[in-house]
Amino acid sequence: MVVSYHRHVLHGVTDPELRITFDFDLKCRKGDLHIENGSYGHHFIDEELVVLEVKVDHAVPLWLARILQDLNCE
């Protein structure tokens, strides 16, 4: 299976270990497994959804945890 997406990446200015990614336009395909053929396939989640991932080495900073909680992020 080939999974493709577009990604926006943010890095912490004062915390170089903090990285936040936003993935959108998530697609997959099972037939053509040649990645050189580009990004195509069918959307496997709602096209309007964006996957947010917070990457840290230790703990999520309190200020960010509060923002994510206020936005009901899981």
Do Cys28 and Val2 have side-chain heavy atoms sitting under 4.5 Å apart?
no
If hydrophobic clusters are built by linking Ile, Leu, Val, Met, Phe, Trp and Tyr wherever their side-chain heavy atoms come under 4.5 Å apart, do Trp63 and Leu68 end up in the same one?
yes
Any side-chain heavy atom of Lys55 sitting closer than 4.5 Å to one from Thr21?
yes
Among pairs that include at least one residue of residues 4-20, which meet salt bridge (Lys or Arg N to Asp or Glu O under 4.0 Å), considering only residues two or more places apart or in two chains?
Arg7-Asp23
For Gly41 and Arg29, work out which heavy atoms get closest and say how close.
CA-CB, 4.2 Å
Would Ile20 and Leu64 satisfy side-chain contact (heavy atoms from CB on, under 4.5 Å), going step by step from the backbone distance to the final call?
CA-CA 10 Å; Ile20 300 173; Leu64 180 55; 3.9 Å; yes
Nearest-0.5 Å distance, CG of residue Leu18 to NE2 of residue His58:
12.5 Å
Less than 4.5 Å apart, side chain to side chain, heavy atoms only: is that true for Val51 and Tyr5?
no
The test is side-chain contact (heavy atoms from CB on, under 4.5 Å); show your working for His11 and Val13 and say whether it passes.
CA-CA 6 Å; His11 295 274; Val13 174; over 6 Å; no
Minimum heavy-atom separation for His6 to Asp25, with atom names?
CE1-OD2, 3.5 Å
Dump the intermediate steps for side-chain contact (heavy atoms from CB on, under 4.5 Å) on Val56 and Val54, then the final yes or no.
CA-CA 7 Å; Val56 293; Val54 176; 4.2 Å; yes
Is the CG atom of Leu33 crowded by more than 12 outside heavy atoms at less than 6.0 Å?
yes
Can you find a heavy atom in the side chain of Leu49 that is under 4.5 Å from one in the side chain of Phe24?
no
Rounded to the nearest 0.5 Å, the OH atom of Tyr40 sits from the CG atom of Asp32 at a distance of 3.0 Å
For a quick test of reading the model, state the closest non-hydrogen atom pair linking Leu52 to Cys73 and the distance between them.
CD2-SG, 4.1 Å
Audit row: Val3, Phe44, side-chain contact (heavy atoms from CB on, under 4.5 Å) steps and yes/no:
CA-CA 9 Å; Val3 176; Phe44 58 92; 4.0 Å; yes
